[in-house]
There are 4 protein chains.
Amino acid sequence: MKGKTITEIQVGDFDEFSKTISESDIYLFAGITGDLNPAHINEAYAKNTFFKGRIAHGMLLAGFISSVIGMKLPGPGTIYIKQDLVFKGPAKIGDTVTARVEVLDVNLEKNRVRLKTSCINEEGKELVGGEALISPPKA
Amino acid sequence: MKGKTITEIQVGDFDEFSKTISESDIYLFAGITGDLNPAHINEAYAKNTFFKGRIAHGMLLAGFISSVIGMKLPGPGTIYIKQDLVFKGPAKIGDTVTARVEVLDVNLEKNRVRLKTSCINEEGKELVGGEALISPPKA
Amino acid sequence: MKGKTITEIQVGDFDEFSKTISESDIYLFAGITGDLNPAHINEAYAKNTFFKGRIAHGMLLAGFISSVIGMKLPGPGTIYIKQDLVFKGPAKIGDTVTARVEVLDVNLEKNRVRLKTSCINEEGKELVGGEALISPPKA
Amino acid sequence: MKGKTITEIQVGDFDEFSKTISESDIYLFAGITGDLNPAHINEAYAKNTFFKGRIAHGMLLAGFISSVIGMKLPGPGTIYIKQDLVFKGPAKIGDTVTARVEVLDVNLEKNRVRLKTSCINEEGKELVGGEALISPPKA
């Protein structure tokens with residue numbers, strides 16, 4: 001149960017997690033975080049917005065990024081230091097979203113790794129962009 | 001169901017959301033996002049880590065920030081553009097966390113507001129720091 | 001709150017539990033068990049598989065069998081000793097599945113009952129077959 | 001998103017998944033499967049049973065086995081054919097359970113793999129024993 005150490009990580013390495021967004025994902029996320037914004041849980045309201053229906057919380061998609069970092073690249077034992085998120089587009093119920101994490105920079109001395117982080121829909125449109133800074137588990 | 005427009009927002013305005021982190025919050029968040037990192041769901045593992053027990057996902061706390069922005073300041077109709085997160089400390093099961101959003105800058109021309117965003121525990125320790133850029137609902 | 005004792009159970013007795021499989025059943029089951037296999041939570045992937053869409057976890061259907069045994073035949077107080085499962089076909093979102101438990105054999109001396117256990121869909125197709133060995137509550 | 005093919009699997013290979021059982025795991029599992037047996041969700045009843053408190057559903061633990069098979073060994077694309085389960089002991093709320101899957105037999109001709117499957121608690125006690133028969137994804 002230990003993720004990759006810094007010497008096992010190279011620029012260009014990447015990993016992914018994909019999930020089809022369900023109504024229950026959005027509703028449970030709303031309940032857990034208290035973000036019951038009508039854009040997420042009120043179809044009568046949401047169908048009259050620019051997005052024409054309920055959308056997933058941006059932070060739910062960001063959670064998929066955290067999933068890749070915590071489970072796969074580098075995985076368990078990683079310390080999450082920073083995450084910059086740029087919200088570019090919505091995911092709706094039924095959309096399949098892929099969170100992708102790619103290594104941009106490896107600092108052996110400081111044991112830090114800079115990651116490109118994004119969430120992409122089936123059409124290849126980037127919904128969330130950004131970067132993360134993490135510290136992989138020590139050897 | 002419409003949040004504050006830009007003319008109703010002033011530098012220094014703030015709002016908050018507080019919640020005691022439950023085990024079920026963490027477990028449901030893990031299931032929704034796929035982040036079943038043992039730091040979150042395995043006490044036998046977590047008690048031997050630096051934090052001495054299971055901790056909440058940083059992105060769960062970030063969800064509380066999204067909750068304040070989407071529900072209160074500015075509220076429904078807001079477009080979430082950017083969120084920078086700095087993870088500084090963990091929240092454990094039973095900790096009460098307050099997400100706080102404060103207006104740093106108001107750009108009337110571009111209809112954009114810069115916010116200081118943080119999550120603080122009961123002892124006043126900042127667990128998550130950062131800033132957000134949002135566009136309030138139009139008049 | 002006590003189930004049937006062995007003298008109340010006869011070969012041929014049976015009972016059932018039926019449920020329409022919802023997306024949220026599958027998603028919560030995935031989160032609880034950590035089985036986020038794309039066959040269960042990724043429609044973009046699943047529509048290109050042999051089953052042409054997301055399917056329920058076989059062990060979710062097996063949970064319906066456990067439900068009949070623990071709730072009805074014999075019910076509370078039963079000790080579940082063995083369960084053999086044969087996975088024969090998938091249940092998709094919206095399918096109504098009936099778990100059926102039927103008494104095959106009653107061993108008064110050892111207080112043990114052998115059960116035929118199955119899950120069947122609306123068309124009568126057996127999705128899960130198998131047998132269970134249980135010990136009913138004592139008088 | 002494809003698991004190991006049969007030529008990548010050898011006798012003795014193993015993988016694991018661990019989780020601390022939460023009350024919400026048991027309650028959600030009860031709700032999903034309909035198995036609201038008082039042994040699982042009624043503390044007033046359960047404290048007077050042999051186990052002296054509420055216990056997890058055996059099939060919830062079996063779900064952890066399915067998680068290892070579907071996610072790791074062999075992983076996505078695996079066809080689950082058979083699972084024999086022997087229930088040997090209970091997991092209570094707060095117990096950390098490890099599901100372990102180990103390759104017993106590889107049949108290249110039939111593309112079938114026999115697995116030893118078990119769930120073990122922190123003290124190393126086997127709670128669930130058994131075997132599975134699976135067909136790994138084709139090359």
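No experiment lies behind these values; they were computed from the predicted model shown.
- Most heavy-atom pairs under 4.5 Å with chain B: of the set A:His57, A:Lys88, A:Lys82, this distinction falls to A:Lys82.
- Residues A:Leu85 and B:Asp84 share a closest heavy-atom pair of N-OD1, 4.3 Å.
- Residue B:Met59 comes nearest to A:Ser66 through the heavy atom pair CE-CB, 4.3 Å, listed as atom of the first residue, atom of the second, then distance.
- Residues of residues 115-139 of chain A lying under 4.5 angstrom from chain B, judged on non-hydrogen atoms, do not exist here.
- Within a 6.0 Å radius of CD1 in B:Ile79, no more than 12 heavy atoms belonging to other residues, nucleotides or ligands are found.
- In this structure a side-chain-to-backbone donor-acceptor pair under 3.5 Å is missing from A:Thr33 to B:Ser67.
- In terms of non-hydrogen atom pairs under 4.5 Å with chain B, the most contact-rich of A:Leu60, A:Ile81, A:Leu28 is A:Ile81.
- If you measure heavy-atom distances from B:Phe64 to chain A, the contacts under 4.5 Å come from both the backbone and the side chain.
- Of residues 34-52 of chain A, those residues with a non-hydrogen atom less than 4.5 Å from any non-hydrogen atom of chain B are, in numerical order, A:Gly34, A:Asp35, A:Leu36, A:Asn37, A:Pro38, A:Asn42, A:Tyr45.
- Contact between B:Tyr80 and A:Phe87 at its shortest, heavy atoms only, is O-CB, 3.3 Å.
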